[in-house]
Amino acid sequence: MPRPRQAPLAERIRAGMLPAGQLGGGPGLQAWLGAIALRNVRGTAAGIFGAWFNVPFTIMMAAVGGFVGAVVGLFNGSFVGPQVVARVDRVLQWILPLPMSAGEFAPAASAQIGGIVGALVGAVNGGWALGWLAFAEPWRRMYAADPVGPVGFVIGQVLVAVFVGLLYLAWSAATEPLRLRIAGARRLSRREAEWLMPLVQDAATRLGLRSLPRILIDDRREADASAGIRHIVINQGLLDQLDHDAEQVSAVIAHELAHWRDGDAIAVAWSKGVTLPLYLLYEVATRLLRMAHSRPLHYLIRFVFWSVIVTVRYLVIPVQAGTWRAAEYRADAAAARAGYGRGLHRARSYLRESFDGERSGWDAAILAVHPPTELRLEALEEPGRRYLLPSHPILRSLPDWMPTSTVERDR
């Protein structure tokens, strides 16, 4: 018996024939493969190198060598300094005789300067020597035992990293509904679906999507939205701050659908998966630091985990964060090409003060996964057009400023 013909998706949504927002699906196979193999090659390489090739141990040994070298250099430099000054005095007496020697002019300075120079030279030399020994000695021994051994070790470590990454990716996709529910995301009510889902369907049509993720609502008041592997979560605070303006909300939805279509959440999970041992230790360290209320305990935790923290914060995340910032520009451009440029520009300008934080310091400038909102606004603007930025602080400094004033992009 033939199956009855179903109404088009948009009509089924409007008619209430589907549970509100429960249209969950993942992006296609091409998005999965691209997110794993092509999206963040440098970040994947940095993660594998940092997590599976003893980088934290190498950094720790380099620090030990630097400390020991600095102490030795300090004492040696303090004793050698006066002898060096004496030699300089003999040279100066031969070239240009002076009424008093440098040692007589500053008897303690020679020892202090010598100690400082010796400590600096010793720290650099000791750190480099012991760090290189910690990194290279295992490879030298493997090569001495079998010249092909290092190659086999590299291949084996990469395969292990790929296997762990795939397992973590599968776990992330399978547990995403549960994790989102625990975090506070919920299904749409019928009233919310009646207003929101047509906007989602229209954005999906413009983007050329064949399926949709499941749309969830988070009742938190922060203005935010995020795309997962099979879900898109929209905060109630975002809808409130945009005053449920259909044009702006549709633009944000199109941006998140572009993230979902391109598999950006898959790429994030994959990059974390291949770095999993390192990220787990880093997560333990950060959670312990947040729970530590006494300064001595705080210092103790940092002392135990400092090499892991340094590896993640100064090697892995900086390489990977650049890819995520590029993904934000790419999703903005996709939404603009679908006809949502004006609405997205309005939404970004309204959310600028509440959503965009400071951009100074290592965390905000180097580790941030979102580009500065001002630069995202600029990328959306077309030459020769004027854009209303009601909350832009530059407006207040313009001549003849009025609430309807605009800022024009320079080209």
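Residue numbers start at 1 and run along the sequence shown. Given the structure is predicted, the values throughout are model-derived calculations rather than measurements.
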Next on the checklist: Looking at Trp52, is its backbone amide N or carbonyl O close enough to the side chain of Gln157 to form a donor-acceptor pair, meaning the two atoms are under 3.5 Å apart?
Outcome noted: yes

Next on the checklist: Has Arg179 got a side-chain atom pairing as donor or acceptor with Ser172's backbone, closer than 3.5 angstrom?
Outcome noted: yes

Checklist outcome for this item: CD1 (Ile217) and CG (Leu196) are apart, to the nearest 0.5 Å, by 5.5 Å

Item to check | Nearest heavy atoms of Ala134 and Phe57, plus distance in Å | outcome: CB-CE2, 3.9 Å

Checklist entry - Taking it one step at a time, do Tyr340 and Asp202 satisfy side chain to side chain donor-acceptor pair (under 3.5 Å)? => result CA-CA 11 Å; Tyr340 293 103; Asp202 184 61; 3.0 Å; yes

Checklist entry - What's the verdict on ring-ring contact (aromatic ring centres under 6.0 Å, His included) for His244 and Trp195, showing C-alpha distance, side-chain angles and the deciding distance? => result CA-CA 10 Å; His244 286 75; Trp195 181 79; 5.3 Å; yes

Next on the checklist: Is the shortest side-chain heavy-atom distance between His255 and Glu328 below 4.5 Å?
Outcome noted: yes

Next on the checklist: Apply side-chain contact (heavy atoms from CB on, under 4.5 Å) to residues Leu344 and Asp332 and explain how you reach the verdict.
Outcome noted: CA-CA 8 Å; Leu344 189 59; Asp332 282 350; 3.5 Å; yes

Checklist entry - Taking everything shown except Phe163 itself, do over 12 heavy atoms lie less than 6.0 Å from its CZ? => result no

Checklist entry - Between the main-chain N or O of Val148 and the side-chain N or O of Asp146, is there a donor-acceptor pair closer than 3.5 Å? => result yes

Next on the checklist: One pair to check against side-chain contact (heavy atoms from CB on, under 4.5 Å): Ile59 and Val308. What are the steps and the verdict?
Outcome noted: CA-CA 9 Å; Ile59 293 175; Val308 172; over 6 Å; no

Item to check | side-chain contact (heavy atoms from CB on, under 4.5 Å) evaluation trace for Val316 with Thr275 | outcome: CA-CA 9 Å; Val316 178; Thr275 323; 4.1 Å; yes

Checklist entry - Charged N to carboxylate O below 4.0 Å: is that the case for Glu192 and Arg186? => result yes

Checklist entry - Is a salt bridge present between Arg190 and Glu194, judged by a nitrogen-to-oxygen distance below 4.0 Å? => result no

Checklist entry - Does the pair Ser271 and Trp324 meet the rule for a side-chain contact (heavy atoms from CB on, under 4.5 Å), with working shown? => result CA-CA 11 Å; Ser271 298; Trp324 313 142; 3.7 Å; yes

Checklist entry - Taking C-beta and beyond as the side chain, do Trp132 and Thr58 meet within less than 4.5 Å on heavy atoms? => result no

Checklist entry - Around Trp139, counting heavy atoms of other residues, nucleotides and ligands shown, do more than 12 lie under 6.0 Å from its CH2? => result yes

Checklist entry - Any sub-3.5 Å donor-acceptor pair from Asn235's side-chain atoms to Glu222's backbone N or O? => result yes

Checklist entry - Got a donor-acceptor contact below 3.5 angstrom from the Glu256 side chain to the Ala227 backbone? => result yes

Checklist entry - Considering all heavy atoms of both residues, which atom of Ser250 and which atom of Ala203 are nearest to each other, and what is their separation? => result O-CB, 4.5 Å

Checklist entry - Between Ala183 and Asp218, which heavy-atom pair has the shortest distance, and what is it? => result O-OD2, 3.9 Å

Item to check | CZ (Arg221) with more than 12 external heavy atoms under 6.0 Å | outcome: yes

Checklist outcome for this item: Smallest heavy-atom separation, Met61 atom then Leu130 atom, equals O-CD2, 3.2 Å

Checklist entry - Between CH2 of Trp260 and CG of Leu209, what distance do you get to the nearest 0.5 Å? => result 5.5 Å

Checklist entry - For the atom pair CZ (Arg210) and OG1 (Thr205), what is the distance rounded to the nearest 0.5 Å? => result 13.0 Å

Checklist outcome for this item: The reported gap from CZ in Arg230 to CD1 in Ile266 (rounded to nearest 0.5 angstrom) is 10.0 Å

Next on the checklist: My understanding is that only one of Val274, Val162, Ile36 makes a side-chain contact (heavy atoms from CB on, under 4.5 Å) with Thr44; could you say which?
Outcome noted: Val274

Next on the checklist: Donor-acceptor check, side chain of Gln320 to backbone of Gly43, threshold 3.5 angstrom: yes or no?
Outcome noted: yes

Next on the checklist: What's the separation between atom CG in Leu257 and atom CD1 in Ile232, rounded to the nearest 0.5 Å?
Outcome noted: 4.0 Å

Checklist outcome for this item: Rounded to the nearest 0.5 angstrom, the CD-CZ distance for Glu176 and Arg214 is 11.0 Å

Checklist entry - How far apart are the closest heavy atoms of Ile215 and Leu188, and which atoms are they? => result O-CD1, 2.8 Å

Item to check | side-chain contact (heavy atoms from CB on, under 4.5 Å), paired with Ile309, selected from Leu281, Leu289, Thr286 | outcome: Leu289

Checklist entry - If you take all heavy atoms of Phe135 and Phe53, which pair is closest and at what distance? => result CE1-O, 4.0 Å

Next on the checklist: If you define the side chain from C-beta out and look only at heavy atoms, does anything of Ile234 sit under 4.5 Å from Asp224?
Outcome noted: no

Next on the checklist: Is the shortest side-chain heavy-atom distance between Pro213 and His231 below 4.5 Å?
Outcome noted: no

Checklist entry - Ion pair present between Arg140 and Glu137, side-chain N to carboxylate O less than 4.0 angstrom? => result yes

Next on the checklist: Donor-acceptor check, side chain of Arg348 to backbone of Leu377, threshold 3.5 angstrom: yes or no?
Outcome noted: no

Next on the checklist: With a 4.5 Å cut-off on side-chain heavy atoms, are Gln236 and Arg220 touching?
Outcome noted: no

Next on the checklist: So that I can tick it off, tell me whether Arg39 and Asp264 are bridged by a salt bridge, with the cut-off set at under 4.0 angstrom between side-chain N and carboxylate O.
Outcome noted: yes

Checklist entry - Do other residues, nucleotides or ligands put more than 12 heavy atoms under 6.0 Å from Phe67 CZ? => result no

